[in-house]
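Remarks on the structure that follows.
To find a chain, count down the sequence lines: A is the first, B the second, and so on, and within it residues start at 1. Not measured: the values here are computed from a predicted model.
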Amino acid sequence: MTFKILLDEIHSNIQKIIEQLKLPETLFVVEPAKSNFGDVMCNVSFLLSKHLKKKPYDVAQIISDKYQPFLGNLVEKVEAHPSGYINFFANYSHLNGIILKSSMSDNYGFLDLGHKSKIVVEHTSVNPNKALHIGHIRNIIIGDTVARILRKTNFDVRVLNYVDDSGLQVADIILGVTKLGLSKKPPKGKKFDQYYGDEVYVKTTEEYSSNQDLEKTRQKILQDLEDTDSEIAKLGNEITRDVLKAQLDTCWRLSVFYDCLNFESQIIRSGLWTQVFEKMKEMKLVELQQEGKNAKCWIIKGENNEEDKVLVRSNGTATYIAKDIPYAAWKLGLLPDPFNYAQYSIQDNGKILWETTLDESQESKQDFTGDKVITVIDSRQSRLQKIITKLMSQFKSDKKSYVHLSYESVTLSSAAAKQLGIDSVGKQTQMSGRKGFYVNADSVINMLTTKAFTETHNRNLEMNDESVNQIVRQIVVGTLRYEMIKQDLDKIITFDFVKSLSLEGDTAPYIQYTHARSAGILGKAGFDPNFETTFELLKNPFEISLIKEIGKFELHILDAVNNFSPKVIARYCHILAVAFNAFYEHVKVLDDKNESIKNERLCLVKSFQLTIQKALGLLGISAPEQM
RNA sequence: GGGCCCGUAGCUCAGCUUGGACAGAGUGUUGGACUUCUAAUCCAAUGGUCAAGGGAUCGAAGCCCUUCGGGCCCGCCA
């Protein structure tokens, strides 16, 4: 608790004043002020001015007068501003120590909002027939970042990745390798996911348009896939698992980790659908159409003018959304768990990645359900997700237990499209996996790696390649993750090979660089700063503003969690880095002859370093000591 | 026809949940700062009818309505 203590102190004091003056209850706001207007501002005078029939400024004066007895602890001065705001000036001789000392704790920024409650985050969930593209990366990074933030706020987080290993896209690649003579094994040096996505899937899709007879073959394969013991199903299982492994390699390169893999084929065979379908019938959430275009289908009625949604076809088979419903219910723990669990692998973060299985397993039963479920899927699926959200709210007393975390897609700039051989006449374009028109995630990582290597090598000519590469990895992961998270979820990201891969300006390397600068100072100082001091010597504007930003860490975490808004943390990292750079340019830490000042400044540098590490950590970004 | 999202500086975006103080960054352009704790940096200048119109309010970029412009979705595909 740091800057928040200051806000809480002021809030409760104003509350007392309102009671003293017998004023009506008011939902006033106490928040950090803009620069030049003190440290904290309060809008209470605007809200009370009507009731008191006075100008906001006059109310502000009354309240600031009444506030005088409360001064002396964390607030040094209070001022009624002619605009009507009440501005508070912090007592930094107290606050400095509180902030700097608490920032030394490993727990700094930790907030207990979740009380260890179980929460599921599902993300990635890419069909296992192709390589990840830059659009998938946005999903993955959003999901992973949200999971990290939830962990920091004491939720018991379980991260799931849903693998759609049955269905048409899988039938397509099987058709490619069994009927079109395409090799089952990728050529040497080509990743499994890239081979299947770029070659097999694209070529098979092309073939459909010229060869109508293939449609029957496709349907036959789709049918065979349902029968676990068939040769086709075995082949399908083999291929999708190889593709999945290759996809996961890409995710792991970006420091993204999971707790459990769910396979659609198993959900289908588990019988969960029948259970949830019966429940929906009982609750009269579905109805069997007798006539009309959906005759003999089970449907969910569309709300206000929206089309009805078919769940079960007239031939008795379930549609896509009908597979999602049992999965959603399973994630919320609404159905008995039919699965056993097996270890898929041990990930680089040291954690086991589990997978569900319907076979016997030596491993003990696991629990990957949550009281709350967050499903990260792009906005194009909003309608389906809306239906599922509504259904879940009818199944569960907590109406907000199922959350569709929606985000806009990634498109390609016209320049990027052109590089891929498409003339989009100056407009941005949607990617298409089917057409093989997309920016591959691995290739972006590789391009960034080349670029970052050149930059890093040129700046550190004496450094060996191994050390350079270690730094490069951190820069690459940081750059890509930051680029995917820094803007709001409802904004389209237009990917551009030049702009999106920049290492300057508002980017991860900028922030990482400030970290390296702080590490440089601490390294050269040659001694560990001593925090047993009053920090009263830190009072120039650059020091104060840096301390202030460090103190606001938890306010931003609170904001990020309450609004499921990971970009808040990215913006905080940037603000913090800007504050440090200003300090760095204007305050020479090591030059000062006064050892006490030098020590306190080194404490500040240390405090900054630890805080930016933690903040970047929430984004899955690590920071090098040297760049 | 119905639904969702976006529109703020040349470009990319914060700010909108909780209405009030000169609308902020990055990038671009122009100029400046490296014998100094790392110039992936910093400083300065430049740049805005907050898409348009209306409404409620003492007060709107923000709330409500309408219009315009752009994107996405609406299958017995997944």
Checklist entry - Say you pick atom C1' in B:A14 and the same atom in B:A23; how far apart are they, in whole Å? => result 11 Å
Checklist outcome for this item: Among the nucleotides B:A21, B:C42, B:A78, whichever has the atom closest to the side chain of A:F37 is B:A21
Next on the checklist: If I pick the C1' atom on B:G15 and the same atom on B:C50, what distance separates them, to the nearest angstrom?
Outcome noted: 11 Å
Checklist entry - Under 3.5 Å, is there a donor-acceptor pair linking the side chains of A:D506 and A:Y482? => result yes
Checklist entry - Is the closest side-chain donor-acceptor distance between A:D172 and A:Q169 under 3.5 Å? => result no
Item to check | Nearest-angstrom distance, C1' atom, B:C74 to B:A9 | outcome: 37 Å
Checklist entry - Which whole number of Å gives the distance between the C1' atom of B:G19 and that of B:C73? => result 33 Å
Next on the checklist: Side chain of A:N87, heavy atoms from C-beta onward: which of B:A21, B:C42, B:C5 has the nearest atom to it?
Outcome noted: B:A21
Item to check | Presence of A:K491 side-chain N/O under 4.0 Å of B:A14 phosphate oxygens OP1/OP2 | outcome: yes
Checklist entry - Quick one: A:K55 NZ to B:G59 P, roughly how many Å, whole number? => result 15 Å
Checklist entry - A:D488 has a side chain; which of B:G15, B:C37, B:C5 sits nearest to it? => result B:G15
Checklist entry - Sub-3.5 Å donor-acceptor pair from the side chain of A:H515 to the main-chain atoms of A:P624, do we have one? => result yes
Checklist entry - Any idea which of B:C72, B:A14, B:A21 is nearest the A:K567 side chain? => result B:A14
Item to check | Listed nucleotide nearest any side-chain atom of A:Q430, set B:C72, B:C77, B:C6 | outcome: B:C72
Checklist entry - In terms of side-chain heavy atoms of A:Y513, which of B:U38, B:G3, B:C13 is nearest? => result B:U38
Checklist entry - Just checking A:Q219: base, sugar-phosphate only, or nothing, at a heavy-atom cut-off of under 4.0 Å? => result nothing
Checklist entry - Choosing from B:U38, B:A78, B:U18, which nucleotide comes nearest the side chain of A:D164? => result B:A78
Item to check | Residue A:S83, side-chain heavy atoms: nucleotide from B:C5, B:A21, B:A78 that is nearest | outcome: B:A21
Checklist entry - In Watson-Crick or G-U wobble terms, both distances under 3.5 Å, what is the partner of B:C63? => result B:G55
Item to check | Value in whole Å for how far the C1' atom of B:U36 lies from CG of A:D591 | outcome: 7 Å
Checklist entry - Roughly, in whole Å, what's the span from CD in A:E79 to C1' in B:A21? => result 12 Å
Next on the checklist: Partner lookup for B:U41, please. Criteria are Watson-Crick or G-U wobble with both distances under 3.5 angstrom; report none if nothing qualifies.
Outcome noted: B:A33
Item to check | Gap between atoms NE2 and C1', on A:H574 and B:U12 respectively (whole Å) | outcome: 13 Å
Next on the checklist: Quick check: do A:V146 and A:V561 have side-chain heavy atoms less than 4.5 Å from each other?
Outcome noted: no
Checklist entry - Mind checking the P distance from B:A60 to B:G54? Whole angstroms is fine. => result 13 Å
Next on the checklist: Tell me which nucleotide, if any, is Watson-Crick or G-U wobble paired with B:A9 when both distances must be under 3.5 Å.
Outcome noted: none
Checklist entry - Judged by modelled atom types alone, do A:Q474 and A:Q470 share a side-chain donor-acceptor pair under 3.5 Å? => result no
Checklist entry - Do A:S379 and B:C4 have a side chain to base donor-acceptor pair shorter than 3.5 Å? => result no
Item to check | Nucleotide of B:A78, B:G71, B:U18 approaching A:I492 most closely (side-chain heavy atoms) | outcome: B:G71
Checklist entry - Any luck finding a side-chain donor-acceptor pair between A:N43 and A:Y85 under 3.5 Å? => result no
Checklist entry - How would you label the contact of A:S382 with the nucleic acid (heavy atoms, under 4.0 Å): base, sugar-phosphate, or nothing? => result nothing
Checklist entry - With rounding to whole Å, what would you report as the distance between B:C16 and B:A21 at their P atoms? => result 13 Å
Item to check | For atom CD of A:E504 and atom C1' of B:G26, their distance in whole Å | outcome: 12 Å
Item to check | A:K588, nearest nucleotide to its side chain (from B:C37, B:C73, B:C76) | outcome: B:C37
